[in-house]
Amino acid sequence: MRHILIIGIGAGNPEHVTIQAINALNKADVLFIPTKGAKKTELAEVRREICARYVTRSDSRTVEFAVPVRQTEGRSYSGSVDDWHESIAAIYEALLLGELGEGQTGAFLVWGDPMLYDSTIRIVERVKGRGHVAFDFEVVPGITSLQALCASHRIPLNLVGKPVEVTTGRRLAESFPDKSETAVVMLDGEQAFQNIDDPDAEIYWGAYLGTPDEIVISGRLADVKEEILRVRAEARQRIGWIMDIYLLRKGADFDE
């Protein structure tokens, strides 16, 4: 029986890696590192740095694999994601069969935490369901971009006694500010915050959190939205890619 470790490695700072994650990395015979094309080489480099810094066993090896690009043209969102996951599952299956022997342990290094807006667990479950390769797996948590965002802005996530919604840019208008006083927005390629018209809304925005390129901006949404749009566009042009997240809030800890 093969064994798989799905290890959260943090939001970009190698020092985000927990002691539990370090111990898990050193249990792995094979460390699988995804690559996402020339524009996102930094993502693979962070994984390589983590392995070089923390893996002490001399007999483990790394195997890199290319992640296919999700095809969106002419497809529904759910359909394109399902096809994409199926393609990645086929790659995972080939890796387990071709690179991992019976009784060995393999590790997938996952940005942030595997439970939050990441599909590695889903894809591994899909591979398991195919029935072509027998394995079990465990998940090691990691620091998320959400935690890094709040730390960089020195804010608590929630208002006292009040809920938090984690959503996407596509769904933001459905909830904030009428249904949620605090909304954390991930995977927002359209910068949906610019369409929020509320004079009391505040935003805490961050990009490349935990990395040397980290950028954070906060303030009243109406005052800083244009600055965020400009800085974001410039950073994406300069670096070639961007990963950002933001928190929108309206209200206070205690209602008056």
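No hydrogens, no waters, no symmetry mates; every other heavy atom, side chains included, goes into these values. What you see is a predicted model, and the numbers here were worked out from it, not measured in a lab.
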Is [Y] close to [X] at the side-chain level, that is, under 4.5 Å between some pair of heavy atoms?
X      : Y      : result
Thr120 : Pro114 : no
Val46  : Trp111 : yes
Asp136 : Ile4   : no
Lys27  : Leu5   : yes
Val127 : His132 : no
Glu102 : Arg2   : yes
Val139 : Phe137 : yes
Arg53  : Glu15  : yes

Looking at [atom1] of [X] and [atom2] of [Y], how far apart are the two atoms once the value is rounded to the nearest 0.5 Å?
X      : Y      : atom1 : atom2 : answer
Ile242 : Asp213 : CD1   : CG    : 10.0 Å
Glu234 : Ile215 : CD    : CD1   : 9.0 Å
Ile123 : Lys128 : CD1   : NZ    : 16.0 Å
Glu190 : Leu172 : CD    : CG    : 12.5 Å
Leu248 : Thr182 : CG    : OG1   : 9.0 Å
Ser87  : Gln71  : OG    : CD    : 8.5 Å

Please find the pair of heavy atoms, one from [X] and one from [Y], that lie closest to each other, and give the distance.
X      : Y      : answer
Arg126 : Ala89  : CD-CB, 3.8 Å
Phe32  : Leu96  : CE1-CD2, 4.2 Å
Ser60  : Ala28  : CB-O, 3.3 Å
Arg70  : Ser80  : NH1-OG, 2.8 Å
Thr18  : Pro141 : OG1-O, 4.2 Å
Lys162 : Ala252 : NZ-O, 3.1 Å

Do the side chains of [X] and [Y] get close enough for a salt bridge, i.e. N-O under 4.0 angstrom?
X      : Y      : answer
Glu45  : Arg48  : yes
Glu93  : Arg130 : yes
Glu174 : Arg171 : yes
Arg230 : Glu226 : no

Test side-chain contact (heavy atoms from CB on, under 4.5 Å) applied to Val224 and Ile203, step by step
CA-CA 8 Å; Val224 301; Ile203 187 169; 3.4 Å; yes
Under a plain distance cut-off of 3.5 Å, with no hydrogens placed, do [Y] and [X] share a side-chain donor-acceptor pair?
X      : Y      : result
Glu214 : Thr211 : no
Glu138 : His3   : yes
Glu64  : Thr35  : no
Asp244 : Trp205 : yes
Asp188 : Thr168 : no
Glu202 : Ser218 : no

Step through the shown structure and confirm whether more than 12 heavy atoms of other residues, nucleotides or ligands are within 6.0 Å of CZ on Arg57. yes
Are there over 12 heavy-atom neighbours, none belonging to Asp197, within less than 6.0 Å of that residue's CG? no
Between Arg220 and Asp200, is the salt bridge (Lys or Arg N to Asp or Glu O under 4.0 Å) condition met? List the steps.
CA-CA 7 Å; Arg220 197 170 72 94; Asp200 297 320; over 6 Å; no
Between [X] (side chain) and [Y] (backbone), is there a donor-acceptor pair under 3.5 Å?
X      : Y      : value
Ser119 : Arg122 : no
His16  : Ala11  : yes
Tyr246 : Gln191 : no
Asn26  : Ile22  : yes
Gln104 : Gly101 : yes
Glu165 : Pro163 : no

Notebook entry, point to check: Would Leu25 and Leu109 satisfy side-chain contact (heavy atoms from CB on, under 4.5 Å), going step by step from the backbone distance to the final call?
Noted result: CA-CA 9 Å; Leu25 289 169; Leu109 282 64; 3.9 Å; yes
Consider only side-chain heavy atoms of I, L, V, M, F, W and Y, link residues closer than 4.5 Å, and tell whether [X] and [Y] are in one cluster.
X      : Y      : value
Ile91  : Phe135 : yes
Phe108 : Val63  : yes
Ile7   : Ile143 : no
Ile9   : Ile33  : no
Phe176 : Leu229 : yes

Next item on the list: Determine, for Phe193 and Lys225, whether the Lys NZ or Arg CZ falls below 6.0 Å from the six-membered ring centre while staying within 45 degrees of the axis.
Entry: no
Check: So Glu42 and Tyr208, side-chain contact (heavy atoms from CB on, under 4.5 Å) or not? Walk me through it.
Finding: CA-CA 11 Å; Glu42 293 95 336; Tyr208 314 108; over 6 Å; no
For Leu116, the other hydrophobic cluster members (4.5 Å side-chain criterion, sorted by chain and number) are Met115, Tyr117, Leu146, Leu149, Ile155, Leu157, Val164, Val166, Val184, Met186, Leu187, Tyr204, Leu209, Val216, Ile245, Leu247
Run Ile6 and Val140 through side-chain contact (heavy atoms from CB on, under 4.5 Å) and show every step you take. CA-CA 6 Å; Ile6 302 175; Val140 177; over 6 Å; no
